[in-house]
There are 2 protein chains.
Amino acid sequence: MDIQGLPGRLLAELGPAIASGELPEGAVLRIEELEARFGVSRTVVRDAVRVLESMRLVESRRRVGITVQPKSGWDVFDPLVIRWRLAGSDRAAQLRSLGSLRAAVEPAAAALAARHASPDHCRELSALAVELTVTARAADLTAFLRHDIAFHATVLRASGNEMFAHLGETVGAVLTGRTEHDLMPHQPEPYAVQLHREVAEAICAADPGHAERAMRTIVLGALEELDATLGHPADHGAPKRSGLA
Amino acid sequence: MDIQGLPGRLLAELGPAIASGELPEGAVLRIEELEARFGVSRTVVRDAVRVLESMRLVESRRRVGITVQPKSGWDVFDPLVIRWRLAGSDRAAQLRSLGSLRAAVEPAAAALAARHASPDHCRELSALAVELTVTARAADLTAFLRHDIAFHATVLRASGNEMFAHLGETVGAVLTGRTEHDLMPHQPEPYAVQLHREVAEAICAADPGHAERAMRTIVLGALEELDATLGHPADHGAPKRSGLA
DNA sequence: TCAACCCAAAGGTATGACCTATTCAAGCCA
DNA sequence: TGGCTTGAATAGGTCATACCTTTGGGTTGA
């Protein structure tokens, strides 16, 4: 996605290094050093640094160099930062943060979708719900994941809120990461699949309350699962049966 | 914040121009043209363009130039993009999006805060609640706003979720914008102030349910108020008394 | 001891040249 | 005639270098 161009090469190297803590807070880089290390000109280095700076990952100051900023300043919503953190040692913390975010946003998105969804969205959701059912029964995890991602993205898009819609990509990254690492059950839980169907139906039936509740159950289930696999079990409120998002 | 340096000057000019639609989707800029227009070198132009590109506001292609991208691609969570949109003609849409986001996130944050808040956070919230009460009674809108922003930011921070915490700045921008434009009542509503007190108390008492409900009332009230001032009245679910966030 | 001052280090900006991917169109082959 | 190939013009991408400006820190003098 951003591996195009020489600055992209630097970004692909420096971003993950910073996000993973390999380059810790306070670490200092110098333009000259990066020029030599990557065999590129100052122009390219500046380009890359400028982008890192716009994400608040580093700060460039005269007479000092390029300093890695404290984690608390990161632009945590930047898609690249999210991806880099998911790929590195911050993975667990990032997943937990995203989990809470999903738990907050997706139910609200489902409720909004139940009010604003177009017939097209509705058709799409219904079709995806069917696909989920089928691929789950067939234990085709790859296809299931693909449709799961599409389902959640569609709900977010159908909410009519541009900010929610943009979380679709991020949620996709989370779901992908989950099947990759936290080994999923060989067959998605039937209850979770049914919840997805309920969400789709409620949205098509313009029933915000039901859509919201079903989605909340899904996403809280995912949160619990997350805490289980990541170890640290913090309570999140309403106890529910383990679901699958 | 980013008015430092020559690239910052370009950003401060081009960003708002794009965000407000003054430079519509598909508009093409050329480096050479920008060099002349701002009297800067290619280096500076490239720097600025690179940043706009990382926000997905523009795309730079050879033989074509720098093309303004469709709004659907904007990195809507970027703080600068948010600020630029709030300042321009997209103001209403941006406020509505942010309103829904707040409605989703802040109650969840309050609930989390009730679980994880440190004694320091608790003290801070209590103090801010007092300040809100006092300044509201004194009808000191400026001070009230300042404390209101601090209150919400503190709740978000106390949630222990880094992503929530980062929304504090954005929420602040929304609240500021509200008092600036949608003329607020000369004296903040007493009921809203009380709700803030309840949130603080519930968080300090480690009562997630109460904290979440009170915060939801606040933020839904704000949403209703928003719809009222912005015209388009979409229903958001649970009917509540008009609050004030 | 502390202040003002000066110098060197490192990023910021300016140029100008050259490379390269793209597009559009002219021209060729079926 | 129509589609494909090819070639040149265009505009961004990269490079190398020189010079400016800020700033941290050491030095000097009161």
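None of these values were measured; they are calculated from a predicted model. Reminder, nothing fancy here: chain letters follow the sequence lines and each chain counts from 1.
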- Taking CD1 from B:Ile66 and P from D:dA11, how many angstroms apart are they, rounded to a whole number? 11 Å
- Think B:Arg46 has a side-chain N or O under 4.0 angstrom from the OP1 or OP2 of D:dT14? yes
- Query: Base, sugar-phosphate alone, or nothing: which one does B:Arg61 contact when heavy atoms must sit under 4.0 Å apart?
  - Reply: sugar-phosphate
- Query: Side chains of A:Ile82 and A:Asp78: does their closest heavy-atom pair fall under 4.5 Å?
  - Reply: no
- Rounded to whole angstrom units, what separation is found between the CZ atom of B:Arg50 and the C1' atom of D:dT14? 12 Å
- Query: Any Lys/Arg nitrogen of A:Asp227 or A:Arg96 sitting under 4.0 Å from an Asp/Glu carboxylate oxygen of the other?
  - Reply: yes
- Rounding to a whole Å, what distance do you find between B:Arg62:CZ and D:dG12:P? 11 Å
- Item | Minimum side-chain heavy-atom gap B:Gln69-B:Arg56 below 4.5 Å | no
- Query: Within a reach of under 6.0 Å around CD of A:Glu33, are more than 12 heavy atoms found that belong to other residues, nucleotides or ligands?
  - Reply: yes
- Would you mind reading off the distance between A:Leu52 atom CG and C:dG11 atom C1', rounded to a whole angstrom? 16 Å
- Check: A:His196 ring centroid to A:Phe151 ring centroid under 6.0 Å: yes
- Identify whether any heavy atom of A:Val49 sits under 4.0 Å from a base atom; if not, whether one sits that close to sugar-phosphate; answer base, sugar-phosphate or nothing. nothing
- Query: If an axis is fit to five pairs at each end of the helix from C:dT1-D:dA30 to C:dA30-D:dT1, what is the angle between the two, to the nearest 10°?
  - Reply: 10°
- Query: Any side-chain heavy-atom pair from B:His152 and B:Leu128 closer than 4.5 angstrom?
  - Reply: no
- Query: Got a salt bridge between A:Asp47 and A:Arg50, using NZ or NE/NH1/NH2 to carboxylate O under 4.0 Å?
  - Reply: no
- Query: With a 4.5 Å limit on heavy-atom distance, are the side chains of B:Arg85 and B:Val81 in contact?
  - Reply: yes
- Enter the distance from A:Ser126:OG to A:Glu131:CD here, rounded to the nearest 0.5 Å. 12.0 Å
- Note on the structure: When rounded to whole Å, the CD to C1' distance for the pair B:Glu59 and D:dA11 reads 14 Å
- Query: When you measure from every atom of DNA chain C, which of residues 37-45 of chain B have a heavy atom less than 4.0 Å away?
  - Reply: B:Val40, B:Ser41, B:Thr43, B:Val44
- Note on the structure: Residues in residues 26-33 of chain A with a heavy atom under 4.0 Å of DNA chain C, by number, are A:Leu29, A:Arg30, A:Ile31
- Where the side chain of B:Pro7 is concerned, which of C:dT13, D:dT14, C:dT23 is the nearest nucleotide? C:dT13
- Length of the line joining B:Leu6:CG and D:dT21:P, which is rounded to integer Å: 11 Å
- Message: In whole Å, I'd like the distance from the CG atom of B:Asp47 to the P atom of D:dG13.
- Response: 13 Å
- Can you tell me if A:Glu162 and B:Ser97 form a side-chain donor-acceptor pair at under 3.5 Å? yes
- Min side-chain heavy-atom separation A:Leu156-A:Val171 under 4.5 Å: yes
- Query: Quick one: do A:Asp90 and A:Lys71 make a salt bridge, cutoff under 4.0 Å?
  - Reply: yes
- Message: Which is more 5' along DNA chain D, the nucleotide nearest A:Val64 or the one nearest B:Arg63? Just name the residue.
- Response: B:Arg63
